[in-house]
Amino acid sequence: MDFQQIFNAAPTVQSSAPGRVNLLGEHTDYNDGFVLPTAIPQETTVYLGLSPNNQHHLYSAELEEWVDITDSNMDSSLKPQGFASYVVGCIRMLEQVGHSIPPVNIFITSAVPIGSGLSSSAALEVATLRGLRSLLHLDLDDVKIAQLGQQAEIQYAGVNCGIMDQMASSLADPQHLLFLDTRTLERQKIPLPQDTEVVVIDSGIPRQLATSGYNQRRAECEEAARLLQVKALRDVTDPETVETLPEPLRRRARHVVTEDNRVLEARQGVSAERFGELMNDSHASLRDDYEVSVTGLDQLVELLQKTPDVLGARLTGAGFGGACVALVTAGRGEAIAHEVLENYNKLGYSGHILVPE
Ligand code: GLA
């Protein structure tokens with residue numbers, strides 16, 4: 001199926017945006033902290049044209065799902081669900097900042113895996129906003145697109161997320177790491193450590209409780225910052241400072257403070273070995289202090305970490321299931337991914353390789 005077959009007309013514009021994988025800096029973005037993601041090769045593409053009537057028409061090729069949306073006079077309590085929520089969220093956010101959006105036809109196709117922690121939703125938001133920018137000649141820069149995508153996610157998908165995923169999808173490329181200060185939005189593209197490449201394996205474990213667990217962690221961090229009398233945990237640099245907090249806030253805050261320090265160290269340009277150690281430390285911190293790992297992710301990370309030529313490995317994204325990322329010696333990614341996956345799936349899981357493609 002393509003746009004022509006669905007809408008009986010040719011699309012006017014097309015736009016794409018990638019998913020992302022985060023190498024370091026997990027659960028730091030909503031604490032005003034630091035992150036180090038990169039774009040993955042898989043992208044979401046949207047094709048757009050004006051709608052011939054007074055409704056938006058959305059079609060998802062992967063889901064084979066069709067949704068019709070009545071324009072802004074729609075009762076806002078009738079929020080759409082599923083993929084349409086992200087698209088409609090983007091349209092509504094543009095309207096909120098003063099753009100007038102006529103009814104549109106949108107055809108969506110995506111190679112970004114859904115539910116693996118690789119930000120398929122951010123890729124959809126950024127691709128949609130880019131498509132509307134070019135269809136309607138809107139004056140929006142790439143940072144504004146990321147900010148509107150984040151607001152769509154918060155207000156229409158109910159995840160009280162930070163800005164990392166949308167900034168990565170809007171500004172990163174697969175050849176670099178994107179260092180981002182999520183408070184100031186200062187950013188810098190830095191190379192991967194010398195002679196390394198990235199491997200991403202989906203654990204095959206669905207992200208259960210991800211939304212409620214995520215929102216709960218965020219609330220715990222805000223409470224910890226309040227008790228420490230700082231604006232956000234980003235303002236704490238010495239991990240000793242958190243020792244006075246009651247549990248579990250002490251461990252939650254310790255993860256955030258040490259994770260920020262790991263990103264800042266990596267940004268300085270460390271050796272591949274040191275970068276790998278920082279990733280391993282990040283996983284231990286996410287597992288023990290932040291408690292967002294699950295048994296299968298720990299098993300997959302362990303298998304990766306004990307494989308020769310793997311420099312470091314950790315869960316990536318929000319956790320509670322989803323994917324793991326490893327930094328490996330350049331040229332060895334494919335062989336390592338197959339070897340580890342075979343051993344992992346022998347444990348009864350149905351994981352699969354996402355990067356290299
Ligand atoms: C999700 C959110 C991001 C970030 C990560 C955890 O991907 O959308 O904003 O908080 O989890 O690092």
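Each ligand, and each atom within it, is numbered from 1 in the order the structure gives.
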- Task: Please determine, by modelled atom types, if Ser169 and Arg20 share a side-chain donor-acceptor pair under 3.5 angstrom.
- Result: no
- Set of ring-ring contact (aromatic ring centres under 6.0 Å, His included) partners for His255, sequence neighbours left out: Tyr290
Using distance only, find each side-chain donor-acceptor pair of residues 122-132 under 3.5 Å and give its atom names and separation, not counting sequence neighbours.
unit_1: Glu125; atom_1: OE1; unit_2: Gln166; atom_2: NE2; d: 2.9
unit_1: Thr128; atom_1: OG1; unit_2: Leu124; atom_2: O; d: 2.7
unit_1: Arg130; atom_1: NH1; unit_2: Ser16; atom_2: O; d: 2.7
unit_1: Arg130; atom_1: NH2; unit_2: Ser170; atom_2: O; d: 2.9

- Message: Between Gln14 and Thr45, do the side chains contain a donor N or O and an acceptor N or O under 3.5 Å apart?
- Response: no
- Show the protein residues that qualify under the rule heavy atom under 4.0 Å from an atom of ligand 1, listing them in chain and number order. Arg20, Glu26, His27, Asp29, Tyr30, Cys161, Gly162, Met164, Asp165, Tyr214, Ala318
Anything under 3.5 Å between a donor and an acceptor, one on a side chain of residues 3-13, the other on a protein residue two or more places apart or in another chain? List them.
unit_1: Gln4; atom_1: OE1; unit_2: Ala10; atom_2: N; d: 3.4
unit_1: Gln5; atom_1: OE1; unit_2: Asp2; atom_2: N; d: 2.8

- Message: What I want to check is whether the side chains of Ser282 and Glu259 have a donor and an acceptor closer together than 3.5 Å.
- Response: yes
